[in-house]
Each structure stands twice: as C-alpha cells, then as structure tokens.
Amino acid sequence: MSSSPGDDRAAPPETVGRGPSVSRAEFDSLFASVSTWDRWSPADRGAWNRVTADHVLRAAALVRSGTTVPLGLLWNTRAGPDNSRPALHYMSDLGDVEPAEPSTYKDFLAADYHGKGVSHLDALSHVAYRGRLYGGRPAREAVDAGGARFGSVEALGPLVTKGVLLDLPAVLGTDWLEPGHAVRARDVVAAERALGVSIDEGCAVLLRSGRFRRRRELGPWDADAACAGFHVDAVPLLAERAIALLGGDGDSDVRPSPVEGVHSPVHALAVAAMGVPLLDNLDLEALSAACAGARRHEFMIVVSPLRVPGGTGSPVNPVAVL
C-alpha cells in the first residue's frame, strides 16, 4: 500500500520484532528489582536527586565548540495520525486591542501535550502502576481534578547534566529503525562501544530511532500503534548505571508492547519504579548530525520544564551543548 500523490499519510507500517514476550508476573518481578522507592528526599524529584553540582561541572566540561542544538519539535498545530490532539496557536492582539503607540502583537498557546505530537517531559505524577505512583503513593489520593499533590513537574526544577545519544541507526548503518523495533540491553552495550560513550550516574540517555527522518520521507503514522523503542530487558542495565533522565524521538517504549496487559512498560519502570522522568518526542536529527560532525556522542544537556503547580509534565525544548 502506498500513499497517493498529495496525501501526507503514510501507509500503516509493518512492525518488526518487538522482542521476547514478557509475562505480567515477570514484569512485576522486574518492577520490584529496579525500584528506588524511599531512597531520596525530596521524593518527588526522584532520580534527579542524583545530579549534584559535581555532575553539572562535569557536564560543562564536555562543552568544546559551544554548538547548541535545540531538541524540541516545532509547535505542532496540524492534526495527523500521530497528533490527534493538535496544539493551539492563535493571535490575540494584532495591534488593535490596546491603545496605539507602541502597537503590540500577542498570541495564545495551549497544548494537551501528553501524546505523540509535542516534545514534553513526563513528571513523576504522570504514571502509576497498579494504582500507585513512585514511592507507593496511591494515585487517586495524590492526583485529582486540581492536579498533582505529589510528583508535580514544579518539584523537579531544571536539570543540567551529561547527555548521551544512543544513535542506533548510525550504529546499524540504516536511516531509521522500523516501527516495532525493540532496542535490547545488548544493543545499548553495543552502541556504547561503537559510539565511544559511557552511560553513568546522573546522566541523560537519549535514544534516536530516526522516527522523524522516517516521518519526513514516508509520512506520518500512528506511533501509538507502532514505534521503535526500548524493550524492558534494557531497563535493568539503565537502572544499574543510575541514570537521571531517559528520552528519545519516540516515547522510550517499543510499541506494540511486549508485556502482557501493560501498554507502556518502560514508562511504568522508569517513572513509577525508578523515579526517572521521561522526555518524549524529541527531534534528534540535528543532534545526530552535530554529534557525527564532532565525532562524539556525549554533551551537556539543559532541560527546563515549565513551573506548573500540580502539573504532570510540561512541554519542553531541551538544548544539547557540544
């Protein structure tokens, strides 16, 4: 099946192997094994408590050329298979609302950002597993119509740390990973070796699957149904390395999910078990090119979410500095 001329919808992708199936009992055992509940105070900053002033200084030492690369998508107001709830942008003042001199021009922004169309951060109040948020707090007691009383994005604050780009298409010599491609623990280790990087305490790990190059060349598709991402067997390795942040050009989960009865298992493990916030829907194409040009895939990353009291996350435009 192919798209007709002028049709920007891609044919539904054929998914590749999503990795070995995982039972619910196996997943629950894995959840317990990577859990960091009761480890830090304040608890609602989770793994961001790992990042100290020393980590920031080490990240700053990675800056050599001063090249800055924004990682956020353009504000996405166009509906499509991967953007069912488009962001809003309209002009609220065209110089005709306030008294003249000087004339002013204003606009309005809004987004239902937890989806596939907006680059955003998931805070610790965003994901519960078996009804409990990170640390074991009952989700229905901690989050209501007024927002989150635990794990709010406001509690996180900004993050400056070492970033590592796991550029899997570059490692494999392909343009992109096909939707449904599961990145396993062994793939992470192989990518470290091939790219000359090390994932260590307090760092941010970004997975490039080439999603947005594929989208530009073949058109959009339903990324909720099929997307490259991590298999759950990669999570114990990331937990062992004590990362502070996980993200990518997808939402970190391979889709379809390999776990019976759990649609977003990496979300559950990272956010609800490990206290690791997630960055979803980053455009990593410019960063891939910059890293290739610099011949290094480590850099300083700056993440500064909006300070939304009770917010379960935030639209965000992280910046990598090489």
Candidate pair L133 and L124, rule side chain to side chain contact (heavy atoms under 4.5 Å, CB included), full reasoning | CA-CA 7 Å; L133 299 174; L124 301 191; over 6 Å; no
Intermediate values then yes/no, side-chain hydrogen bond (donor to acceptor under 3.5 Å, both in side chains), R307 and S314 | CA-CA 8 Å; R307 300 180 65 191; S314 167; over 6 Å; no
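The aromatic rings of H120 and H114 sit perpendicular, their planes meeting at an angle over 60°, well past the 30° parallel limit. Between W37 and F31, the angle of the ring planes goes over 60°, which puts this pair in the perpendicular group of the 30/60° scheme.
Within the 3.5 Å criterion, the main-chain N or O of G313 finds a donor-acceptor partner in the side chain of Y113. Judged by distance alone, with hydrogens and angles left aside, the side-chain atoms of W176 form no donor-acceptor pair with the main-chain N or O of F212 at under 3.5 Å. For N281 (side chain) and G115 (main-chain N/O), a donor-acceptor pair under 3.5 Å exists by modelled atom type. In terms of modelled atom types and a separation under 3.5 Å, the side chain of W48 and the main chain of P158 share no donor-acceptor contact. Checked by atom type and distance alone, the side chain of R184 never pairs as donor or acceptor with a backbone atom of R186 at under 3.5 Å. Not a single donor-acceptor pair under 3.5 Å links the side chain of S119 to the backbone N or O of N317. Side-chain atoms of W40 never come within 3.5 Å of backbone atoms of R45 as a donor-acceptor pair (strictly under, hydrogens ignored). Of the possible donor and acceptor atoms, one in the side chain of E298 sits under 3.5 Å from a partner among the backbone N and O of S198.
Of the inter-residue distances, the one linking M300 atom CE with T161 atom OG1 reads 10.5 Å to the nearest 0.5 angstrom.
No single ILVMFWY cluster, assembled from side-chain heavy atoms under 4.5 Å apart, contains both L165 and L278. When the side chains of ILVMFWY residues are joined at heavy-atom separations under 4.5 Å, either directly or via intervening members, L168 and L218 end up in two distinct hydrophobic clusters. In this structure, V164 is a member of the same hydrophobic cluster as F230, with clusters built from ILVMFWY side-chain heavy atoms closer than 4.5 Å.
Salt-bridge formation is not detected for the pair R208/D249: no Lys NZ or Arg NE/NH1/NH2 atom is positioned less than 4.0 Å from an Asp or Glu carboxylate oxygen. Ion pair R213/E217 flagged as a salt bridge, since at least one NZ, NE, NH1 or NH2 atom sits closer than 4.0 Å to an Asp/Glu carboxylate oxygen.
In H263, the NE2 atom is not crowded: 12 or fewer heavy atoms of neighbouring residues, nucleotides or ligands sit closer than 6.0 Å. Counting non-hydrogen atoms of neighbouring residues, nucleotides and ligands closer than 6.0 angstrom, the CG atom of L306 exceeds 12 such neighbours. No more than 12 heavy atoms of other residues, nucleotides or ligands sit less than 6.0 Å from atom CZ of R295.
Looking at F299 and V69, their side chains never come closer than 4.5 Å, going by heavy atoms from C-beta outward.
For the salt bridge (Lys or Arg N to Asp or Glu O under 4.0 Å) test, no residue two or more places apart in sequence or in another chain qualifies with D280.
A salt bridge (Lys or Arg N to Asp or Glu O under 4.0 Å) with D82 is found for exactly one of K116, R215, R214, namely R215. Applying side chain to side chain contact (heavy atoms under 4.5 Å, CB included) to C291 and the options D167, L284, L322 leaves one that passes, L322.
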